[in-house]
Amino acid sequence: MPKSKRSQRAASSPIGQLLGILGVLTALLASLLYLAERNLDKFYIFDLDELHDVSKRGLAKHGNDTRAVVKYIVDDLHKTHGAHINLEEDWVFNNAGGAMGAMYILHASITEYLIIFGTAIGTEGHTGRHTADDYFHILTGEQWAYVPGEYEPEVYPPGSVHHLRRGEVKQYRMPDKCFALEYARGWIPPMLFFGFADGLFSTLDYPTLWKTTHLTAKQMVGNLLRGKF
């Protein structure tokens with residue numbers, strides 16, 4: 001059989017057609033992701049200076065009363081961003097990278113998340129290597145960070161911001177009580193694998209994992225319905 005006829009038969013077979021469709025879909029998806037990546041900043045609704053400012057104002061007004069600081073921040077952001085800020089204070093444990101704390105999800109969407117994260121007894125772990133920039137606004141206590149090759153820790157006190165750049169990784173520690181307003185901007189869904197891994201394969205705390213999934217999905221779907229990507 002001539003080679004050209006064999007090629008035509010292969011291309012017209014079900015497998016050949018499926019591979020052709022997959023190739024077109026892959027190229028289309030890659031193009032869409034490329035365009036979205038170049039325009040990510042257009043999807044953000046939170047401003048970096050805004051979050052730093054409201055954190056500092058909350059600290060200045062309420063000092064060491066962390067509960068009052070958190071309420072001040074949430075109420076202030078709700079005035080500005082309305083339904084994009086979740087007022088239902090529902091805390092859930094979070095195990096990720098060997099560290100353990102608890103979080104209250106203020107906002108979760110495809111390109112941003114905003115949470116209150118912390119612990120009253122300290123923790124330590126791996127930051128993860130993420131597809132988003134992460135900004136950790138310290139509200140009480142300290143966060144320490146370490147990168148290979150350094151001989152001294154990075155120390156972040158109340159009022160400071162620890163910026164973990166997209167794609168970078170550190171060891172971090174909260175030596176004692178520490179709570180922060182944590183904001184991530186970039187591609188959020190890929191970060192969820194890191195957030196769920198300890199629950200799936202280490203702690204096996206499936207009720208907490210289910211609650212985390214429910215709260216996150218509720219926020220993401222709700223914000224999509226509001227037109228927030």
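- Counting only heavy atoms from C-beta outward, the side chains of Leu215 and Lys211 approach each other to under 4.5 Å.
- No side-chain heavy atom of Thr80 sits under 4.5 Å from any side-chain heavy atom of Ile85.
- The distance from atom CG of Asn95 to atom CG of Leu200, rounded to the nearest 0.5 Å, is 11.5 Å.
- In this structure, Phe117 CZ and Leu114 CG are separated by 14.0 Å, a value rounded to the nearest 0.5 Å.
- A heavy-atom distance below 4.5 Å is not found between the side chains of Leu59 and Tyr72.
- Residues passing the ring-ring contact (aromatic ring centres under 6.0 Å, His included) test with Phe136: none are found, sequence neighbours excluded.
- Gln143 approaches Ile138 most closely through the heavy-atom pair CB-CD1, 3.8 Å.
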Full working for side-chain contact (heavy atoms from CB on, under 4.5 Å) between Glu168 and Thr127: CA-CA 9 Å; Glu168 294 186 357; Thr127 61; over 6 Å; no
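- Between Trp187 and Phe229, the angle of the ring planes goes over 60°, which puts this pair in the perpendicular group of the 30/60° scheme.
- Residues in residues 105-130 take part in these salt bridge (Lys or Arg N to Asp or Glu O under 4.0 Å) pairs, two or more places apart or across chains: Glu112-Lys228.
- Using a 30° and 60° split on the angle between ring planes, His137 and His52 fall in the tilted class, from 30° to 60°.
- Within the model, atoms OG of Ser55 and CG of Leu77 stand 8.0 Å from one another, a figure rounded to the nearest 0.5 Å.
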Applying side-chain contact (heavy atoms from CB on, under 4.5 Å) to Ile105 and Lys218, what does each step give before you reach the verdict? CA-CA 10 Å; Ile105 302 174; Lys218 181 180 178 181; over 6 Å; no
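- Taking the six-membered ring where tryptophan is involved, the planes of Phe46 and His81 are tilted, since the angle between them lies from 30° to 60°.
- Of the inter-residue distances, the one linking His130 atom NE2 with Arg165 atom CZ reads 15.0 Å to the nearest 0.5 angstrom.
- Using modelled atom types and a 3.5 Å distance limit, the side chains of Lys170 and His162 yield a donor-acceptor pair.
- Within the 3.5 Å criterion, the main-chain N or O of Asp47 finds no donor-acceptor partner in the side chain of Tyr183.
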What do the steps show when you test Ile188 against Met191 for side-chain contact (heavy atoms from CB on, under 4.5 Å), and what is the final call? CA-CA 5 Å; Ile188 304 305; Met191 299 178 71; 3.9 Å; yes
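- With a 4.5 Å cut-off between side-chain heavy atoms of Ile, Leu, Val, Met, Phe, Trp and Tyr, the cluster of Trp210 takes in none.
- Looking only at side-chain heavy atoms (C-beta outward), Leu192 and Thr212 stay at 4.5 Å or farther from each other.
- Val92 has its side chain within reach of Met103: a pair of non-hydrogen atoms, C-beta onward, lies under 4.5 Å apart.
- To the nearest 0.5 angstrom, Thr119 atom OG1 is 11.0 Å from Asn94 atom CG.
- Annotation: side chain of His78 is not in contact with side chain of Asp75 (no heavy-atom distance under 4.5 Å).
- Thr123 places a side-chain N or O within 3.5 Å of a backbone atom of Met100 that can act as its donor or acceptor partner.
- The backbone N or O of Glu182 sits nowhere less than 3.5 Å from a side-chain atom of Asp134 that would complete a donor-acceptor pair.
- Note on ring orientation: taking the six-membered ring where Trp is involved, the planes of Phe194 and His126 are tilted (angle from 30° to 60°).
- Annotation: Asn64, atom CG; neighbour count of heavy atoms from other residues, nucleotides and ligands within 6.0 Å does not exceed 12.
- The side-chain heavy atoms of Leu209 and Phe196, taken from C-beta on, include a pair separated by under 4.5 Å.
- Taking a 6.0 Å sphere around CZ of Phe193, one finds it holds 12 or fewer heavy atoms contributed by other residues, nucleotides or ligands.
- Atom-to-atom distance recorded for Leu164:CG and Tyr135:OH is 10.0 Å, nearest 0.5 angstrom.
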